[in-house]
Amino acid sequence: MSETISAYKHNLDEYRLGEVQQQYLDHLLELCRENMSTLDESLIERAFKLTFISHDGITRASGEPYYLHPLAVAEILADEIGMDDVSVAAALLHDTVEDTEVTLADIEKSFGSTVSQLIDGLTKISGVFKSKGVKQAETFMKLLMYMAEDLRVVLIKFADRLHNMRTLHHLPRNKQLSIATETIELYAPFAHRFGLYTIKSELEDLCFKATDPEGYKFIARKLKEKKEAREEFIGQFMEPIREQLERSGFNFEIKGRPKHIYSIYKKMMRQQKPFEEIYDLFAIRIILDEPHSKEDCWRVYSFITDSYTPIPERFRDFISVPKANGYRSLHTTVITNRGRKVEVQIRTRQMDEIAEKGLAAHWKYKEGSDKDVGLDKFVSWVREVLDNPRPEAAQEFVEDFQLNLYSREIYAFTPNGELRTLPQNATPIDFAFDIHSEIGETAIAAKVNGKMVPLRHKLSSGDQVEIITGKTSNLNPDWINDVVTHKAKSRIRQYIRQEKRKVAEEGRELWKKKAERYKFELSDQDLAKIANRLEFNSIQSMFFSIGSEAYDVNRLVKAVRSFLSKGRVDEPEEKKQPEKPGQIESATYDDRIIETAQTANKQMLTMDGNLDNIKFSFSKCCNPIPGDDVVGYISRNGGLKVHRTNCNNLKHLIKNEPEYIVDVSWARQAGNQFIGAIKIVGEDRVGLINDISSTISNSLNTNMKSINVSSDTGAFEGTIILYVEDLKHLEKVIKRILKIDGIKQAYRYE
Ligand code: MN
């Protein structure tokens, strides 16, 4: 420990901060006072002093003093997440043990065991991320383990990541991409599962901004353009309701935010629709302040339906039946007299905080809240999985976890009217296992709403499900494809493993009899060698094949004989089989369009260092053209492959080989030709193709490589491949095409 720290170690109270630092501390304390009902100001003051002293002289990539980072994380926790003073103190100290000479024992001495346990958890979590070669699955498991110990560890970690993402632009491009990739794959799904919607949305937007800056800017600009119109619409729509609320003396707030940028982008991609058809999907939210309770939400609902016609099928009562993560609200969709559909959500302030802050709000309302079962259920599920560790469990768990992560939920009832919450696409088998594993194992049939259905039938919300069971187990390995819940999956997998073991035992018995008859003397090692030579993964899998009659035991006898006499095993027969005819895949259309015309020369790209002696090429997976945001990947043969930053293959490379990613940028130079592709959709009419091709070649002096169209009952779809100079050129062509009569959409084909 350095002298400065040890000098003040035991009397942080007496340490005097400079004027600037005192202002920072005062601001933090102000935020704490606003957001906390109980607050130990001296705890926070001392934590701030220690973080300032111990990080003294260190700067971040931005050039700012380092201690401003823990300070920003503490502010996020105090103000945006709404956590307690202990969390804020731990946030201030979160990097001290890892990065400075301060030890965990110092922290415990000065700040107590709760703070030091939080710091310990945080240091271990970052260790999990830094250790090379750790599989993502294990990272998930470890994160969950710390979470089960103290939820605050994970919340501080989220705040830390959020601030790092907000300041990401100070880092070099390859670092940006690797942090953004980790964030979108690990942190955002977790934030979603914990109901931290505000944080999740911001993380996703920041990742999107880092990996696809052009796409981000495009949507952000469009949203800004539409802002005024949206606000005006909400104002008009709400006018009659607002009047009635005010007349009845309600205390309320109205919010009408659009979806966040990344979710608009995902929706555009998924539905292949332009921005204009997506952006106006927003909900108007009415939040009731104290002293209003859930009964008042229903009064507000009746005000709305006094003014507008509701669509009954779209009504949702998440107040009586909250979602598994604790979300509560009334949702109704109404139609305006101009035929526009508008979703309105009605909730109290507390319900709104849970919706926005999820886990953190649960934490805050832990005491005195009535229906807080969702999160407890999740935590106990995590504990259950962690209590039964198996080697392959981590991977399976992550798969199930991700499967259930973003999925919607359905609500089904037992014959007694008991409610069960299940993920979408759940079947009666899931339902049966959810009630009890024994019911799942013995299920033979199901009745849904009084009618017999197959066990693999997909359940819908509101279904009443009756499981008919037999006396003995009826578990079927094929069910693995018909279930979506972790509970059902893990039990069926366990059963499959047991069955496999049984079959393998039978195979071993068959072999033993033969071996005795021929008096083979063979060590297990030799048998393993032979199994390997016969292209089995293990002795166990060879015996399984024999037991299930997929492999004739006499072939093994033959192989052993030749091994014992010649000391080797002949080539397995399978290898000599000729390839089945008709199996050679023809190149797909995508492959063909990416066949490249890139006449790259070395002056086209620049990078740190020198490109002169490096062979480089453009990757065929994302087909970059000048103007695209790109990075380079140093491939195994030493050449450089240029990828677009939003390329899916690149994500994989960033995760596995981040050290081979280098920054490159385009040099200004004209005259090179690149392949670009445009997808068009429209109404078919006579002469359309002619119009398209003449627009392209005449007005823009562009060479078209090919045009490929299909039309079906008046609708028209096509792909144009053309030579362009850069991104701007391609965008110009798209703009022109959009002006052609009958063209509905035109966009770059990825
Ligand atoms: Mn940090």
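What you see is a predicted model, and the numbers here were worked out from it, not measured in a lab. The figures here come from the full heavy-atom set of this structure, side chains too, leaving out hydrogens, waters and symmetry mates. Indexing begins at 1, ligand by ligand and atom by atom, following the structure's order.
- In this structure a side-chain-to-backbone donor-acceptor pair under 3.5 Å is missing from Thr51 to Ala47.
- The N, O or S atom of Asp160 with the smallest distance to the Mn ion (ligand 1) is OD1.
- At least one donor-acceptor pair closer than 3.5 Å links the side chain of Asp205 to the backbone N or O of Tyr262.
- Note on His94: its N/O/S atom closest to the Mn ion (ligand 1) is NE2.
- For the residue pair His94 / Asp160, a side-chain donor-acceptor distance below 3.5 Å is found, with atom types taken as modelled.
- Looking at residues two or more places apart in sequence or on another chain, you find no salt bridge (charged side-chain N to carboxylate O under 4.0 Å, His left out) involving Arg60.
- Here the N, O or S atom of Asp95 that is nearest to the Mn ion (ligand 1) is OD2.
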